[in-house]
Amino acid sequence: MNKFQSSLYRLSNLVVLRLNSENKLLEHSENLSGYFKPDQLKSENSVINHLFNNPSEISSAADEVRRLKEPRELNNILVAGLIQPVNISLIPDDNDEIVVIFPNSVNKDEENIDGALSLYAHTFNATAESLIIYDIETETVYDCNSAALELFGYERSEIVNLASKDISAEPDESLAILREAHKGYKVTIPKRILKKKDGSSFPAELYSSYFEENGKKLLCVAVRDISERHKQDEKIKEQEIHLTSLVNSTPDIVCIKDGDGKWLLANDADIALFDLQKIDFVGKTDTDLALMLPHFKEAFLTCVDSDEKAWEEGILSRGDETIIKSNGEKKVYDVIKIPIFNEDGSRKSLIVFGRDITRRKEVEDRLNSIAEQYKSLYENAVVGVYRSTVSGKPILANNAFLNILGFESFEEFASFNTTHFYNDKKARRQFIELAMKHDVIRGFETDLIKKDGTLISVRMNAHVLKNEHGDIEYFEGMVEDITDKIKSEQILIKAKEEAEKSDKLKSEFLAQMSHEIRTPINSLLNSVGLIREELLQKINDDIQSCFSIIDRSSHRIIRTIDSILNMSEIQTGTYDLQLTDLDLVEETLNPLMNEFRFLAETKGLKFNFTCEEEDTFLKADEYSVKQIFSNLIDNAIKFTNKGEINIRLFRNEHQSLNVEVQDTGIGISRDYLPELFKPFTQEQQGYTRKYEGNGLGLALVAKFCEFNRASITVDSEKGKGSLFRVNFNK
């Protein structure tokens, strides 16, 4: 610091202070201490903020001087402790520091002003409370301190002379109320909505007192912004609403009583329980309510006793209380009572919660009853029930389990380890491994050794019981003696194997015999055909009809043999299915139409074929498909004496090929339809039946449909004909 600056700091008529690069006080002249208390000078920020009415203006000017490196003067600056505004000089110094200089007084006469006035001015501006001085006669703002300017957002020159209504957001009744202070009262307005310069409003608490200065009647009004307190009050009210809503929405009963047992609060559930809707229960004791509501007398007097017990114990208490409602319904409540004490130990309040556990009690009673039933079932069950540790120590076993192993009592059985009874110790290890892996074992079969050494076969079901750490504590399950059952199963298996073997031998025999019959028949037919051709022109009509009879009978025998052979191949699983791209019309239906047309016309039947589809190809076995329609057409002609046979090919809504064979024949009874596709069955049985056949045709049709992924349905009525539909699934 140079000599000029040093002497400058000692001038009593000037106040000199130095600001650092952050506009905080570094040093000051001695006479600055006249503006502040010693402890205030220790705080850099409080000095700057309380010395100037607009510290932000000083800071901005200092930043500009620091940036431009040029001095600047600010005019008409209000300084705490000075009555009139002064001019302030800001001078750049080294290291971005600023020297601020302003006169200690305006003129010589002002130095003699009463110190009290200076102290008042300092206090008025330095206080953090927002103070506004109103001129009662003009009803305008006479003066205000820095805190008020900051609160309302005005400059001093803007707020002075403003009418009180200009800073009030409500009808201006404040000043009229505050005028009461003129009569010597200190007036307080708990809440008033005031308005800032920017138009925003805030709640405020107002305190006023009257004084006179230079003949003016003035009100000093302290304005306290209570926005935060207002928010807290609103929040508390909102929480109270939420709490009330929560308390009333819960189905549990809630009641609060004071230290003398008088009711202070009850929620809707509690009011409904005791029919208190029309009763002024606040301030009443349980004894009072017992007299007012005789029906609940016993319940209220019980509460008196349990309340007193809660007070005496001094801690949370809990118990069940039974209440009979006015409609006679019995309710059981789980009641919690919490006593609250004052600091001196006296009773303050009792909080009561009650939850309806009527249903739970009913369930518990039911469970207890079921538990007793299960206990009886456990003790009298015919299946063995047990529990043991992982190591094999018995925990419990019912009588059936003891009987299975040949013990008289559990005490006798408990002296053994369950591992002892396993005939194969590997089975015991396998049982434990499965239990640990899956937690449940079902159908585990092994051999056990009874007490007397007898070997038995058992089937075991078990599950594991774990502790809170997930470790297995017990095995629990059932044991069934299946020794006799296994013997029976073995007998049945052997019988089944014998039956299957016999059935296979039968099928093989049938196939072999069918082959042996068919071969000579074919030879006979060929020979008869040659003889017929040689004698065709030499025999009379009677002999000619004999050849026709031989021909029809031979074909009947061949068809029967073919059916038997086909069924044998199906039953023995030797049928060779060969799937090819088959044209259903050209390769199957048209040839069959030519084959059966003469037979139909001989009986005087119309024989029609309708094809409604151009693409008639499908993946199928040619031989079995031909057998399907050969049997259906043959049956249609056989069982129709007059009328017609109609064959129709079309695609259904799923674009699957369908073939219908419809006749006007004798039809099929409803009772026989379920038996229609079973082998060797006919609606007419015995030698007296009217129509020939072996009962294999439709059974083969059903099997061949399965081979070709087709389904067959029938719609028939006795005396009105039949319609068979074959659907080849895509």
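- Atom CE of residue M292 and atom CG of residue D280 lie 7.5 Å apart, to the nearest 0.5 angstrom.
- Under a 4.0 Å N-O distance rule, the pair K69/D93 does not qualify as a salt bridge.
- V282 and L264 make their closest contact through CG2-O, 4.1 Å (heavy atoms, listed as atom of the first residue, atom of the second, distance).
- Ionic pairing of R72 and E64 is present here: one or more N-O contacts between side-chain nitrogen and carboxylate oxygen are shorter than 4.0 angstrom.
- Side-chain contact between L276 and L293 is present, with at least one heavy-atom pair separated by less than 4.5 Å.
- Here the shortest heavy-atom pairing between A310 and L350 reads CB-CD1, 4.4 Å.
- The environment of E150 atom CD is sparse: at most 12 non-hydrogen atoms of other residues, nucleotides or ligands sit within 6.0 angstrom.
- Side-chain contact annotation: N23 with R66, donor-acceptor N/O pair under 3.5 Å present.
- The pair K309-E312 does not meet the salt-bridge criterion, since no charged nitrogen lies less than 4.0 angstrom from a carboxylate oxygen.
- Checking W263 against D286 by side-chain atom types alone, a donor-acceptor pair falls below 3.5 Å.
- Under 4.0 Å is where a charged nitrogen must lie from a carboxylate oxygen, and between D307 and K257 at least one such pair does.
- Side chain of N75 to main chain of V86: no donor-acceptor pair is present (N/O by atom type, distance under 3.5 Å, no hydrogens or angles).
- Here the NZ-CD1 distance, from K348 to I351, works out to 9.5 Å after rounding to the nearest 0.5 Å.
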Set out, in order, the CA-CA distance, both residues' side-chain angles and the distance that settles side chain to side chain contact (heavy atoms under 4.5 Å, CB included) for V464 and V390, then state yes or no.
CA-CA 9 Å; V464 300; V390 178; over 6 Å; no
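- Side-chain N or O atoms of H295 include one that pairs as donor or acceptor with a backbone N or O of I324 at under 3.5 Å.
- There is no side-chain donor-acceptor pair under 3.5 Å between S60 and D63.
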Residues I133, V221; criterion side chain to side chain contact (heavy atoms under 4.5 Å, CB included); working and verdict
CA-CA 6 Å; I133 298 176; V221 181; over 6 Å; no
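- The minimum heavy-atom distance between P103 and N87, with the atom names listed, is CD-O, 3.5 Å.
- At a cut-off of 3.5 Å, with distance as the only test, no side-chain donor of T358 or K330 sits close to an acceptor on the other residue.
- With salt bridges taken as basic N to acidic carboxylate O contacts below 4.0 Å, one links R318 and D334.
- Expressed to the nearest 0.5 Å, how far CD of E329 lies from CG of L273 amounts to 10.0 Å.
- Taking the salt bridge (Lys or Arg N to Asp or Glu O under 4.0 Å) definition, one finds that D320 meets it with K361, sequence neighbours left out.
- Using a 4.5 Å cut-off on side-chain heavy atoms (C-beta onward), F52 and F102 make contact.
- Between K284 and I279, the closest side-chain pair of non-hydrogen atoms is not below 4.5 Å.
- Environment of CZ in R355: sparse, with no more than 12 heavy atoms of neighbouring residues, nucleotides or ligands closer than 6.0 Å.
- Residues V352 and I336 have side chains not in contact (no heavy-atom distance under 4.5 Å, counting atoms from C-beta outward).
- Residues K297 and L289 fail the side-chain proximity criterion, which asks for heavy atoms closer than 4.5 Å.
- Remark: aromatic rings of F274 and F281 are distant, center separation not under 6.0 Å.
- Side chains of S326 and D275: a donor on one and an acceptor on the other come within 3.5 Å.
- With rounding to the nearest 0.5 angstrom, the CD atom of E70 is 13.0 Å from the CD1 atom of I91.
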Test log, rule salt bridge (charged side-chain N to carboxylate O under 4.0 Å, His left out), inputs K331 and D356
CA-CA 7 Å; K331 289 287 186 179; D356 184 353; 3.0 Å; yes
Determine, step by step, whether K466 and E473 satisfy the side chain to side chain contact (heavy atoms under 4.5 Å, CB included) criterion, reporting the C-alpha distance in whole Å, the side-chain angles of both residues, the deciding distance to 0.1 Å, and the verdict.
CA-CA 5 Å; K466 297 181 179 180; E473 288 192 335; over 6 Å; no
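- Looking only at side-chain heavy atoms (C-beta outward), C144 and L149 come within less than 4.5 Å of each other.
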Test side chain to side chain contact (heavy atoms under 4.5 Å, CB included) on S130 and D225; report intermediate values, then the result.
CA-CA 9 Å; S130 298; D225 185 351; over 6 Å; no
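- Ring planes of F296 and F300: perpendicular class, angle over 60° (limits at 30 and 60°).
- The CD1 atom of I441 lies 12.0 Å from the NZ atom of K437; values are rounded to the nearest 0.5 Å.
- Residues L194 and A204 share a closest heavy-atom pair of CD1-CB, 3.7 Å.
- Among all heavy-atom pairs drawn from G259 and W311, the shortest one is CA-CZ2, 4.1 Å.
- By the 4.0 Å N-to-carboxylate-O rule, D288 lies too far from K262 to be salt-bridged with it.
- The main-chain N or O of G345 is never found under 3.5 Å from a side-chain atom of N342 such that the two would form a donor-acceptor pair.
- Within a 6.0 Å sphere centred on NZ of K325, other residues, nucleotides and ligands contribute more than 12 heavy atoms.
- At a threshold of 4.5 Å between non-hydrogen side-chain atoms, the residues L151 and V223 count as touching.
- Contact check for L465 versus R387: side-chain heavy atoms found under the 4.5 Å cut-off.
- Side-chain atoms of N267 come within 3.5 Å of backbone N or O of V254 as a donor-acceptor pair.
- E321 and S306 are linked by a side-chain donor-acceptor pair at a separation below 3.5 angstrom, with hydrogens and angles left out of the test.
- Between F152 and I167 the shortest heavy-atom distance is CE2-CB, 3.9 Å.
- Using a cutoff of 4.0 Å between basic side-chain nitrogens and carboxylate oxygens, D258 and R347 are not scored as salt-bridged.
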Stepwise salt bridge (charged side-chain N to carboxylate O under 4.0 Å, His left out) test for K195 and D166
CA-CA 8 Å; K195 180 171 60 177; D166 295 327; over 6 Å; no
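- Figure legend: K196 and F202 shown as a cation-pi pair, the cationic atom lying under 6.0 angstrom from the six-membered ring centre and within 45 degrees of its axis.
- A salt bridge links E205 with R229: the closest approach of a Lys/Arg side-chain nitrogen to an acidic carboxylate oxygen falls below 4.0 angstrom.
- Heavy-atom neighbours of E158 CD from other residues, nucleotides or ligands within 6.0 Å: above the threshold of 12.
- The residues E364 and R360 are annotated as salt-bridged, a charged nitrogen and a carboxylate oxygen being separated by less than 4.0 angstrom.
- How far CD of E97 is from CZ of R18: 5.0 Å, rounded to the nearest 0.5 Å.
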